[in-house]
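So that the names make sense, note that chain A is the first sequence line, chain B the second, and so on, each numbered from 1. What you see below is based on every heavy atom in this structure, not just the backbone, and it leaves out hydrogens, waters and symmetry mates.
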Amino acid sequence: MPELPEVETIKNDLKQKILRKKIEKVDLKLKKTVKSPVRNFVLDLEGNKFTNIKRRGKLLIFNLSQKNKYLLIHLRMTGQLIYQKGKETTAGGHSDNGKNNNAIIDLPNKHTRIIFYFSDESQLFFNDLRRFGVAKIVNKKELRKITDDFGVEPLEKDFSLKIFKNLIENKNGNAKAFLLNQKYIAGIGNIYADEILFEAKVLPGRKINSLDVKEIKKIYQAIKKILKKAIKYRGTTFYSYIDARGQKGNFTKFLKVYKQEKKKCLRCKKGIIQKTKIAGRGTRYCNKCQK
DNA sequence: AAGATTGTTGCTTA
DNA sequence: TTAAGCAACAATCT
């Protein structure tokens, strides 16, 4: 699942590959993926260039050279953005002949929803197995409206302990639901919510208003620590995530609780990682060292 | 082979 | 007005 570290990795990769290249052609293979008028979508992109790429929470924002237009892409659960340079491979062939950096998957494939062709013959593939991912073109005003609904960016300087404490005040839910809520903090999903709470030694079902000052500080520090480390290792691949190079994330080997149920806790070496459902999501925790 | 998987929206309820 | 809880969505994996 692409969460903040995965989306950040894709953004950084793509910034080095596609900026200021002319978009020669856009092939929209699944119309449902586009949530703004389909005809305008293709027309607004073709002949233009991406001038910058930003991330807000799990949302990718592509600035277009056409003034006051932005391409938004949300990968949701199984979306992928894969860049390939050069000509496409023959049908049924293997796209990596060992001589380039292309992904080790055949592209396009049956999950390809949009293809962007650039003037230097490189291509960007928006693949999405489960068809939940969305793309749309918005103007500045619409973009503002969308990004205003997101909570604080956890890796920005303005995410202070004081702001975190203020966010927690007057909330009634549990810690897991709080971390997952994009209106409070933007970018945390199911994997990192569990990893953050393990790092902070707080049980995911704990009422957020029952946490003491020390626990709040630990969660605050864990958010930054886990997300930064996950970006350093280019994200987590468990099911379908790959980066813009078509490669898996390496944070998977650092997972302490996510998908580790029934295993012995690596930290306290006493507990067994448990799995339950909290906030409607599969939730893992150590039954000994998380309190 | 039915149930689990998960990010977001939209509905209902408080 | 705001928040909490939950079904729905899709297509695969277990």
Side-chain angles (χ1 to χ4, degrees), chain A residues 1-10 29-36 55-61 72-81 105 109-114 126-136 138 142-143 145-154 166-197 204-210 227 230 235-242 248-249 251-252 255 257-263 273-285:
Chain A
M1 281 51 65
E3 305 179 25
L4 186 153
E6 291 76 28
V7 179
E8 181 72 14
T9 300
I10 291 170
K29 293 189 167 300
L30 184 71
K31 290 200 168 79
K32 169 187 179 295
T33 302
V34 171
K35 300 296 180 187
S36 55
R55 178 192 58 74
R56 184 76 170 92
K58 303 168 193 168
L59 181 70
L60 283 165
I61 304 164
L72 307 184
I73 291 185
H74 198 301
L75 300 171
R76 296 285 185 97
M77 265 112 79
T78 56
Q80 305 169 330
L81 281 171
I105 53 173
N109 62 27
K110 65 175 179 174
H111 303 308
T112 301
R113 310 307 179 198
I114 308 175
F126 182 1
N127 274 23
D128 185 24
L129 184 148
R130 278 158 74 176
R131 304 176 181 224
F132 276 180
V134 296
K136 68 196 293 189
V138 298
E142 292 163 323
L143 175 63
K145 191 166 178 255
I146 290 165
T147 54
D148 277 356
D149 282 339
F150 285 94
V152 63
E153 280 294 325
N166 288 345
L167 275 177
I168 283 178
E169 261 177 34
N170 306 321
K171 297 293 189 303
N172 266 320
N174 55 56
K176 170 98 179 210
F178 176 82
L179 289 180
L180 288 177
N181 194 326
Q182 305 299 301
K183 286 183 177 171
Y184 303 149
I185 302 168
I188 299 171
N190 207 35
I191 298 171
Y192 297 108
D194 281 3
E195 293 298 316
I196 286 164
L197 290 170
R206 278 284 297 283
K207 284 283 197 178
I208 198 84
N209 57 19
S210 79
L227 294 179
T236 301
T237 295
F238 197 81
Y239 176 43
S240 66
Y241 170 74
I242 53 176
K248 294 178 176 180
F251 190 73
T252 317
L255 293 174
V257 285
Y258 186 78
K259 297 281 180 171
Q260 307 302 306
E261 52 266 30
K262 294 176 183 169
K263 291 186 185 172
I273 306 304
Q274 307 292 306
K275 185 188 170 196
T276 54
K277 188 167 272 198
I278 296 175
R281 292 290 174 250
T283 299
R284 287 87 173 176
Y285 60 91

I want to verify a distance call: between dA11(C), dA3(C), dT12(C), whose nearest atom is closest to the K110(A) side chain? dT12(C)
Sugar-phosphate, base or nothing in reach of R113(A), heavy atoms under 4.0 Å: nothing
Value in whole Å for how far the P atom of dC9(C) lies from CG of L129(A): 18 Å
Could you tell me whether the phosphate oxygens of dT8(B), OP1 or OP2, come under 4.0 Å of any side-chain nitrogen or oxygen in K58(A)? yes
Just call it for Y184(A): base, sugar-phosphate, or nothing, with non-hydrogen atoms closer than 4.0 Å on any strand. sugar-phosphate
Taking CD1 from I278(A) and C1' from dG7(B), how many angstroms apart are they, rounded to a whole number? 18 Å
Evaluate D128(A) against R76(A) for salt bridge (charged side-chain N to carboxylate O under 4.0 Å, His left out), listing each step before the verdict. CA-CA 9 Å; D128(A) 185 24; R76(A) 296 285 185 97; over 6 Å; no
If each of R281(A) and A177(A) is mapped to the nucleotide of DNA chain C with the nearest heavy atom, which maps nearer the 5' terminus, i.e. the 5' end? A177(A)
Does R130(A) contact dA10(C) through a side-chain donor or acceptor facing the base, at a distance under 3.5 Å? yes
Between C1' on dT12(C) and CZ on R76(A), what's the gap in Å once rounded to a whole number? 18 Å
Within the structure shown, what part of the strands sits under 4.0 Å from F178(A) by heavy-atom distance: base, sugar-phosphate, or nothing? nothing
Answer yes if the side chains of Y192(A) and T236(A) hold a donor-acceptor pair under 3.5 Å, and no otherwise. yes
So that I can tick it off, tell me whether E153(A) and R56(A) are bridged by a salt bridge, with the cut-off set at under 4.0 angstrom between side-chain N and carboxylate O. yes
Closest contact, heavy atoms only, L4(A) versus A186(A): CD1-O, 3.6 Å
Rounded to the nearest angstrom, tell me the gap between atom NZ in K183(A) and atom C1' in dG5(C). 14 Å
In terms of side-chain heavy atoms, does T283(A) have a donor or acceptor partner in K176(A) at a distance below 3.5 Å? yes
For atom NZ of K277(A) and atom P of dG3(B), their distance in whole Å: 12 Å
Phosphate-side-chain proximity, Q182(A) and dT8(B), N/O vs OP1/OP2 below 4.0 Å: yes
Starting at OH of Y239(A) and ending at P of dG7(B), how long is that distance when rounded to a whole Å? 14 Å
Check the distance between dT8(B)'s P and E3(A)'s CD and give it to me in whole angstrom. 9 Å
Check the distance between dA3(C)'s P and N209(A)'s CG and give it to me in whole angstrom. 14 Å
Proximal nucleotide (of dG7(B), dT12(C), dA3(C)) relative to the H111(A) side chain: dT12(C)
Report yes if a side-chain nitrogen or oxygen of H74(A) is closer than 4.0 Å to either non-bridging phosphate oxygen (OP1 or OP2) of dT8(B); otherwise report no. yes
If you check every side-chain atom of F132(A), which of dT8(B), dT12(C), dA10(C) has the closest atom? dA10(C)
When you measure from the side chain of N172(A), which nucleotide among dA10(C), dA4(C), dT12(C) comes out closest? dA4(C)
